[in-house]
Amino acid sequence: MKSFAFVFPGQGSQSVGMLDAWGDHPVVAQTLQEASDALGEDLGRLIHEGPKEALALTTNTQPVMLVAGVAAWRVWRAEGGAMPLAVAGHSLGEYSALVAAGVLTLAQAAPLVRLRAAAMQEAVPVGTGAMAAILGMEAARVIAGCSEAAASFGAGSSEVVEAVNFNDPVQTVIAGTKVGVEKACELLKAAGAKRALPLPVSAPFHSSLMKPAAEKLRMALADVVLGAPQIPVLNNVDVAVQQDADAIRDALYRQAFGPVRWVECVQALKARGITHLIECGPGKVLAGLAKRIDPELVGAALFDPATLAETRELLA
């Protein structure tokens, strides 16, 4: 068996019908039922029927991505798949990783991610925040460009722009106020970025503007009883594995307004001797990023019966 980790995707990989290929697999059906019961609505119907615009609402995207990742994980385990050496998740995907590791139950995680999503949306009015992907530029230069853009507004300005997702060595996502992000995009393109691509999101996730949302999340997390991790969970905000429940809660709180250090997470997984990263849940974004971060890593995706078979063969 190869040395492998499971990684769970975040927002952006959702699509209408993304669980249809599993058919009536009992593990998937049971997972959907658990999450639906926890939220008091039919998530299976929402995923199957959409519409796309409904799935794209942050308050829906976060629960459906959680349940899709957990469903794929549970099928893997139910059909004899081995335990990975570690798990991690990109942004929201960290909650799927914590469910996989036994820290959270799905019934705990589904309401938490919905609250997280609603609080994030409420923190910044729609249209006043923005995010953009900066392509073809090293992260340090993007950070410097964001500082330059913020400084250009003068002391006391309310404009904000920060580097928030370090996805691969030359792809960094920035977030903040709409005006701040636009200014940074202008400066970074002038400084040599290949592209500055506005992202179709409803809030500036992982920026300091999310602190009000994080406070609501912290209060909710205080009442959640966490289990001991059965597998190491590498978190986004510190690129660290925590065992202590309070430390896990604190990392989830800070993750809401802190950057996703995905490049470092992948490097840390490799440093643990991992050679294969399996993206568990819809899409192939993280599998692709793994190869761009370190060409020696093998990235693969598990999201339906066909990719389940491929993953089993790949890791044998």
- Query: side chain to side chain contact (heavy atoms under 4.5 Å, CB included) between Leu106 and Arg74: does it pass, once the steps are laid out?
  - Reply: CA-CA 11 Å; Leu106 183 57; Arg74 288 180 171 178; 3.8 Å; yes

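- Residues that satisfy the ring-ring contact (aromatic ring centres under 6.0 Å, His included) test with His206, not counting sequence neighbours, are absent from this structure.
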* **Intermediate values then yes/no, side chain to side chain contact (heavy atoms under 4.5 Å, CB included), Leu297 and Lys270** => CA-CA 8 Å; Leu297 287 169; Lys270 190 188 179 192; 4.1 Å; yes

Just list the side-chain donor-acceptor pairs under 3.5 Å for residues 3-15, sequence neighbours left out, or say none.
residue: Gln11; atom: OE1; partner: Gln62; partner atom: NE2; Å: 2.9
residue: Gln14; atom: OE1; partner: Gly12; partner atom: N; Å: 2.7

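- Sequence neighbours left out, the pairs with a member in residues 278-292 that pass salt bridge (Lys or Arg N to Asp or Glu O under 4.0 Å) are Asp168-Arg292.
- To the nearest 0.5 Å, atoms CG (Leu135) and OG1 (Thr172) are separated by 9.0 Å.
- At least one side-chain heavy atom of Phe205 sits under 4.5 Å from a side-chain heavy atom of Thr58.
- Residues Val67 and Ala35 come closest through the heavy atom pair CG2-CB, 3.7 Å.
- Within the structure, the salt bridge (Lys or Arg N to Asp or Glu O under 4.0 Å) test picks out no pair touching residues 199-213 (sequence neighbours left out).
- Contacts classified as salt bridge (Lys or Arg N to Asp or Glu O under 4.0 Å) and involving residues 5-17 (residues at least two apart or in different chains) are not found.
- Of all heavy-atom pairs between Gly192 and Met137, the closest is C-CE, 3.8 Å.
- In this structure, the side chains of Lys178 and Thr128 stay at 4.5 Å or more apart for every pair of heavy atoms.
- Screening residues 306-316 for side chain to side chain donor-acceptor pair (under 3.5 Å) gives Asp304-Thr307 as the qualifying pairs, with residues at least two apart or on separate chains.
- Residues that satisfy the ring-ring contact (aromatic ring centres under 6.0 Å, His included) test with Phe257, not counting sequence neighbours, are Tyr253.
- In this structure a side-chain-to-backbone donor-acceptor pair under 3.5 Å is missing from Arg261 to Asn236.
- Screening residues 87-96 for salt bridge (Lys or Arg N to Asp or Glu O under 4.0 Å), with sequence neighbours left out, gives no hits.
- There is a path of hydrophobic side-chain contacts, each under 4.5 Å, that joins Leu302 to Met65.
- Between the side chain of Ser147 and the backbone N or O of Ile143 there is at least one donor-acceptor pair closer than 3.5 Å.
- The salt bridge (charged side-chain N to carboxylate O under 4.0 Å, His left out) test applied to Lys183 returns Glu186, not counting sequence neighbours.
- Heavy-atom neighbours of Glu138 CD from other residues, nucleotides or ligands within 6.0 Å: at or below the threshold of 12.
- With contacts defined as side-chain heavy-atom distances shorter than 4.5 Å, the pair Arg272/Val241 qualifies.
- Here the CG-CD distance, from Leu234 to Gln267, works out to 11.0 Å after rounding to the nearest 0.5 Å.
- Members clustered with Phe303: none, using a 4.5 Å side-chain heavy-atom cutoff among hydrophobic residues.
- Leu209 has its side chain out of reach of Glu162: every pair of non-hydrogen atoms, C-beta onward, lies at least 4.5 Å apart.
- In this structure, Leu269 CG and Ile274 CD1 are separated by 4.5 Å, a value rounded to the nearest 0.5 Å.
- With Arg249 contributing its side chain and Val224 its backbone, the two residues share a donor-acceptor pair below 3.5 Å.
- Under the 4.5 Å side-chain contact rule for hydrophobic residues, Leu199 and Val160 share a cluster.
- Note that the CG atom of Leu289 and the CH2 atom of Trp262 stand 8.5 Å from one another [nearest 0.5 Å].
- Note on residues 37-53: pairs passing side chain to side chain donor-acceptor pair (under 3.5 Å), not counting sequence neighbours, are Asp20-His48, Gln33-Asp37, Glu41-Arg114, Arg45-Glu49.
- Looking at Ile293 and Pro169, their side chains come closer than 4.5 Å, going by heavy atoms from C-beta outward.
- Remark: the Gln121 side chain and the Thr59 side chain contain no N/O donor-acceptor pair separated by less than 3.5 Å.
- Separation of atoms CZ (Arg141) and CG (Leu187) is listed at 8.0 Å; rounding is to 0.5 Å.
- Between Ile248 and Val233, every side-chain heavy-atom pair lies at or beyond the 4.5 Å cut-off.
- Tyr95 meets the ring-ring contact (aromatic ring centres under 6.0 Å, His included) test with no other residue; sequence neighbours excluded.
- In this structure, Asn60 and Pro63 approach most closely via the heavy-atom pair O-CD, 3.1 Å.
- Under the 4.5 Å side-chain criterion, counting only non-hydrogen atoms from C-beta, Val70 is not in contact with Glu34.
- In plain terms, the two heavy atoms of Leu217 and Ala256 that are nearest each other are CD2-CB, 4.3 Å.
- Judged by distance alone, the side chain of Gln255 and the main-chain N or O of Val260 form no donor-acceptor pair under 3.5 Å.
- By the 4.5 Å heavy-atom criterion applied to side chains, Leu112 and Leu252 are not counted as neighbours.
- Rounded to the nearest 0.5 angstrom, Thr177 OG1 and Glu159 CD are separated by 4.0 Å.
- Summarising the geometry of Ala101 relative to Val87, their closest heavy-atom pair is CB-CG2, 4.4 Å, with the distance given to 0.1 Å.
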Yes or no on side chain to side chain contact (heavy atoms under 4.5 Å, CB included) for Cys185 and Ile174, after CA distance, side-chain angles and deciding distance?
CA-CA 9 Å; Cys185 287; Ile174 64 174; 4.2 Å; yes

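- Paired with Val28 under the rule side-chain contact (heavy atoms from CB on, under 4.5 Å), one option of Asp24, Thr31, Leu32 passes, and it is Leu32.
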